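Remarks on the structure that follows.
None of the values given here were measured: they were computed from a predicted structure.
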Amino acid sequence: MRKAVDVNLRPGTSLSVAILALIVGALTATPIVMLLLGSFSKGLTATGAFTLEKYIKAYSNPALPKIFLNTLIFILGSAAFASVLAFTLAYLNVRTDMPFKGLFNVIPIVPMMVPHILFAVSWMLLLNPSNGIVNLLIRTLFHTRGSLFNIYTLPGMIFVEGLLDLPIAYLIIAPAMASFDPSLEEASKISGASGWRTLRRITLPVLRPALLASFTLVLVRSLAAFAVPSMIGMPGRVYVLSTHIYRLISTGYAADYGEAAAVGVVVLLASVSFIFLYRKLT
């Protein structure tokens, strides 16, 4: 049985911790309170006059179901792509003796070092359907007219966002893979199991908490992402919740912050749910 450890704080230390907690709580809770007040208020100067008008207006928008579907596909696709890619790279780095392992330990976290907007722009220059470098090269080599790749699509958004979220998934999965005993996999292979059966019956079950945790964290990250949806999705008229909220406060004669806040409440609830799920899995 674990023994409880009593930590006695001095009165001065306790007061400092309480003040710090109060400051951090105020900094994080204030925007949330303002979001909720804004979603139920008639306007910025009428926060005392509560109404459901903003919710009715926001959720009666005929474009919203399509935006919700795009968002769901975007975050699930990005999380799945990032997690699978992170698992593959972690497996190669930890379980194999491939050459240049030191280099491959750095490659998965390179996207973290590049500003997301510049990362998205780089892929736009490569996979632009009209004059992207890759498409131009394919046309020159194979004498074709059309474009093989179009970055301004939902799969293009998933591809780029998955690469941007790769470091998060890798930094969760790689340590988990390095920490469990490889003799379990060796015993499975000695018993006659194939590599695929060992992966399915031993490796994946052991790593399930780390895989689910990375998947959930990438869901939160991609739900709040704006660089890729704005740079790649908006030119292709593929809108998700983040770009939909941006359009509500940036287009038209007057920005409707209340309607944007009403939509933002859904994003907030989804993010909080994913965070609780992540904490439970870890």
N150 side-chain N/O to P129 backbone N/O, donor-acceptor pair under 3.5 Å: no

I'd like to know if the side chain of N128 and the backbone of I151 have a donor-acceptor N/O pair within less than 3.5 Å. no

Contact between H116 and E161 at the side-chain level, heavy atoms closer than 4.5 Å - yes or no? no

With a 4.5 Å cut-off on side-chain heavy atoms, are M177 and F87 touching? yes

Would you check if there is a donor-acceptor pair between the side chains of N93 and Y170 at a distance under 3.5 Å? yes

Is there a chain of hydrophobic side chains (I, L, V, M, F, W, Y, each step under 4.5 Å between heavy atoms) that links V121 to W123? yes

Just by distance, do the side chain of S183 and the backbone of E186 share a donor-acceptor pair under 3.5 Å? no

Students often mix this up, so state it plainly: with edges at 30° and 60°, are the rings of Y59 and F68 parallel, tilted or perpendicular? parallel

Within the 3.5 Å criterion, strictly below it, is a donor on R221 or S78 matched to an acceptor on the partner's side chain? no

Would you say R237 and Y152 make side-chain contact, with heavy atoms under 4.5 Å? no

Do the non-hydrogen side-chain atoms of N70 and F74 ever get within less than 4.5 Å of each other? no

Please examine the side chains of L89 and L166, heavy atoms only from C-beta on, and report whether any two atoms are closer than 4.5 Å. yes

For residues H244 and N61, determine if any side-chain heavy atom of one lies less than 4.5 Å from a side-chain heavy atom of the other. yes

